[in-house]
Amino acid sequence: VTDTEVIVDLAAFRANLAALTEVVFGSEVMVVVKDDAYGHGLVELAREAEAAGVGWIGALDIPTGVLLRSHDIRMSLFSWLLDPTDDYSAAVGADLDLGVSRLSELEAIAAASAGLGTRVHLKVDTGLNRNGATATEWPVLLERAKQLQDEGAVEIIGLWTHIAEASDDEDSLSIARFRNAIEVARSLGIEAPLHHLAASAAGYGRPDARFDLVRFGAFAFGIPPGGGPSAREMGLAQTMTLRSTVARVSRDMDGNGFGLIPLGFGDGISTKAGGVCDVTIGGKRFQILEPIEIDRMWVALGGASVTVGDEVVLWGPGDAGEATVQEWADATGTMGEELVVRLNRHIPRRYLNGL
Ligand SMILES: Cc1ncc(COP(=O)(O)O)c(C=O)c1O
């Protein structure tokens, strides 16, 4: 049986984008498409975001930005995870916006720019310690960027940072540090049109984190944090449904049924789902049994009349009583993003309701 598929509801995706645009009214929205758009499909989702009128795509790295441009995505494409081996000329040619954390990146961009004024967003570290200029590097990066801007090699479009979004206090500290970094830029005569800091959680929940633009990943796909309100309660909808069919039914001597579903950890299903997650068949929930195998799992059917070929929903938006990704994430002790990103790309993606 091969009719396992990932269904992506593009109308739900657009509705999320509209809802998030309204939540952050006054700030711009960027859709972050890391990891094949969180497993939903890079080009399809970027195209839909563009059709929905979103202005920005967060493309993570230069190859992804260049790839999207080659698919005729016209909106602003922001790539920030730069590598010395990157093809900076290709990035300039593809008209990417580049996130710059250090001087060496800035010089490489300027060298490839050929006076084209490549748009750069200078990144300051405000506590995450991942990348971004340190407090001592920041003025040096700013001054060099200004010099290169005066020469026409780059255009300083943005000042930005990324925060942990793990605790409000830590985020408040990062916001204060970011404001300070903006002041340092001002004191050097740099007024960038865009300041940005927040991803989903802070962008949604904290007006003081929004600045000019919010970079939404998880929430754009209707994946909320664990433990808290559901996507629906937040005015969002999970865009992904994972479905399959019952491949075999067997019964023990007492008449208890067991249904085989042709999805296992080789397909990206967490082995932790056994004993704690349910699937939905014919509107009813059935528990997944341990152990989950490489290419299959079994569910306990009890006395229910389930037959081969019946549709099985592993997760969906929850509207028909099925489990959501958030419910799976809470039950297996992870975050929803991990579950969707881990789904094997060999599972076909089917897109509904596209523009
Ligand atoms: C720099 C940056 N901004 C935004 C995001 C989106 O994060 P989230 O999925 O929490 O919205 C990410 C994702 O990892 C990121 O690295």
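Because only heavy atoms are used, hydrogens play no part in the values below, and waters and symmetry mates are left out as well, while side chains stay in. Atoms within each ligand, like the ligands themselves, are counted from 1 in listed order.
Listed by number with element, the atoms of ligand 1 under 4.0 Å from a non-hydrogen atom of Tyr38 are 6 (C), 7 (O), 8 (P), 9 (O), 13 (C). Of all the atoms in ligand 1, the ones that sit under 4.0 Å from a non-hydrogen atom of Trp80 are 1 (C), 2 (C), 15 (C), 16 (O). For ligand 1, the atoms closer than 4.0 angstrom to any heavy atom of Gly217 are 6 (C), 8 (P), 9 (O), 11 (O). Interface atoms of ligand 1 facing Ala218, defined by a heavy-atom separation under 4.0 Å, are 8 (P), 9 (O), 11 (O). Set against the non-hydrogen atoms of Val32, the atoms of ligand 1 under 4.0 Å away are 4 (C), 5 (C), 6 (C).
Counting protein heavy atoms only, atom 12 (C) of ligand 1 is closest to His162 CE1, 3.9 Å. The shortest contact between atom 7 (O) of ligand 1 and any protein heavy atom is with Ala199 CB, 3.4 Å. The nearest heavy-atom contact from the protein to atom 16 (O) of ligand 1 is Lys34 NZ, 2.9 Å. The nearest heavy-atom contact from the protein to atom 11 (O) of ligand 1 is Ser200 OG, 2.5 Å.
At a heavy-atom cutoff of 4.0 Å, ligand 1 is contacted by both the backbone and the side chain of Arg215. Here Phe219 has no heavy atoms under 4.0 Å from ligand 1, in either its backbone or its side chain.
Residues Val66 and Asp87 fail the side-chain proximity criterion, which asks for heavy atoms closer than 4.5 Å.
Between Arg350 and Glu5 a salt bridge is recorded (basic side-chain N to carboxylate O distance below 4.0 Å).
Around CZ of Arg144, the count of heavy atoms belonging to other residues, nucleotides or ligands within 6.0 Å exceeds 12.
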Original post:
Could you walk me through whether His121 and Trp160 pass the ring-ring contact (aromatic ring centres under 6.0 Å, His included) check?
Top reply: CA-CA 7 Å; His121 302 231; Trp160 74 294; 7.4 Å; no
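For ligand 1, the polar-atom distance check finds no N/O of Glu337 at less than 3.5 Å from any of the ligand's N/O atoms. Polar contact with ligand 1: absent for Trp160 (N/O pair, distance under 3.5 Å).
Here the two rings, on Phe178 and His162, have centers that are 6.0 Å apart or farther.
Trp80 and Val32 make their closest contact through CH2-CG1, 4.1 Å (heavy atoms, listed as atom of the first residue, atom of the second, distance). Minimum heavy-atom separation, Ala220 to Asn16: O-ND2, 3.0 Å.
Neither side chain, Asp171 nor Ser174, offers a donor N or O lying under 3.5 Å from an acceptor on the other.
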Under 3.5 Å, side-chain donor or acceptor atoms of residues 260-269 against the rest of the protein: list the pairs with distances, not counting sequence neighbours.
from, atom 1, to, atom 2, distance (Å)
Asp267, OD1, His346, NE2, 2.9
Asp267, OD2, Gly264, N, 2.7

